[in-house]
Number of protein chains: 2
Amino acid sequence: METLTIGELSARSGVAPSALRFYEREGLIHASRTSGNQRRYDRAELRRVSFIKIAQQVGVSLDEIREALDSLPENRTPTRADWSRLSARWRYRLQERITVLERLRDELSGCIGCGCLSLQRCKLANPGDRLAAGGTGPQRILNPAAG
Amino acid sequence: METLTIGELSARSGVAPSALRFYEREGLIHASRTSGNQRRYDRAELRRVSFIKIAQQVGVSLDEIREALDSLPENRTPTRADWSRLSARWRYRLQERITVLERLRDELSGCIGCGCLSLQRCKLANPGDRLAAGGTGPQRILNPAAG
DNA sequence: CCTTGAGTTGAAGTGAACTTCAAGTTGCAG
DNA sequence: CTGCAACTTGAAGTTCACTTCAACTCAAGG
């Protein structure tokens, strides 16, 4: 049991076989073939699939995920250091996303809790109204850059 | 300027006019009409649109958002209390989502930082391996119920 | 009045992320 | 060696959340 069949990888990763084939077509994961043309996955592919699932949770597109995975070495199985490097980048994005949601939650307790929900007046529009320049919508909440 | 045109609502909410029409078709927002059949939005609709944007950030489908909005009174403009009640429910969902992402971030520092990334062994698979019963994938991370 | 930008419609198109289907092949347990 | 679950393929279908289009009407400033 050095390698996994598509069914096994599916069972262990929780990703449907059809999705795994799709990921392969899209260049996100790789498989070797048996003499009879069936896919066999190196155990290392499990990590790639895990990474894909995690990145999706953060709200990243498959295109971006592929880009990230492409930065892993092609000619050898990625090492701890490889994954570490990759995950550091994503930890940052994750934190960014968490910050947005926390801000959302806090405003939901305050601004929206008070009933205004416009998110433009109230606490959000601070005295100088600096955010108004940013244009439309609940800037500070939905756009991390407008902090 | 008691009411807003679709262009004005779009500018203030940051949602494209086509999206606003789409939301109306889907029953998420409402508009009255001028004698010439143009939409005019009550200012209160701005709150609905804000709510929609926020809920989408949390990863909620328009179907679910409609359900939530349907719980608002139909015959009168929602009060502070109405929005407060609604937002309390969503604050909870938001918190749930934040917790998932925080767990993800922490494991990304530990488990993935060490290079294993399988999320099944390592810290995640605790001694008793209680999670194994849950089946596939990084259960404790991706599924809030498996806490 | 006239122009022009903003608005109207239904239908069709888009892109992301898959799933389903049909028709056939492979791998392994008995 | 047989039977059957698991695998293969490309093409087409699905869902979500919109956007685009074409052909048209409306609203308001000069």
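Note on naming: letters A, B, ... go to the chains in the order of the sequence lines (proteins, then strands), and numbering restarts at 1 for each one.
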Scan for ring pair (Phe, Tyr, Trp, His ring centres under 6.0 Å) pairs involving residues 87-109 of chain A, sequence neighbours excluded, and state none if there are none.
A:F51-A:W90
Just jot down the salt bridge (Lys or Arg N to Asp or Glu O under 4.0 Å) partners of B:D63, sequence neighbours excluded, or say none.
B:R66
Just to verify, what does B:E64 make a salt bridge (Lys or Arg N to Asp or Glu O under 4.0 Å) with, not counting sequence neighbours?
B:R93
Round to the nearest Å and state the distance from A:R66 atom CZ to C:dG15 atom P.
15 Å
Under the side-chain hydrogen bond (donor to acceptor under 3.5 Å, both in side chains) definition, can you give me all pairs with a residue in residues 24-35 of chain B, not counting sequence neighbours?
B:E24-B:R39, B:R33-B:N37
Among all residues two or more places apart in sequence or in another chain, which pass the salt bridge (Lys or Arg N to Asp or Glu O under 4.0 Å) test with B:R85?
B:D82
For A:A88, all residues meeting side chain to side chain contact (heavy atoms under 4.5 Å, CB included), sequence neighbours excluded:
A:R91
At what distance, to the nearest 0.5 angstrom, does CD of B:E45 lie from CG of B:L28?
10.5 Å
DNA chain D contacts among residues 27-38 of chain A, heavy-atom distance under 4.0 Å
A:R33, A:N37, A:Q38
How would nucleotides 16-21 of chain D be written as a contact map, 5' to 3', with B for base contact, S for sugar-phosphate-only contact and - for no contact, using protein heavy atoms under 4.0 Å?
-BBBB-
Does the side chain of B:R39 get closer than 4.0 angstrom to OP1 or OP2 of C:dT8 through an N or O atom?
yes
Set of side chain to side chain contact (heavy atoms under 4.5 Å, CB included) partners for A:Q95, sequence neighbours left out:
A:I98, A:T99, B:R105
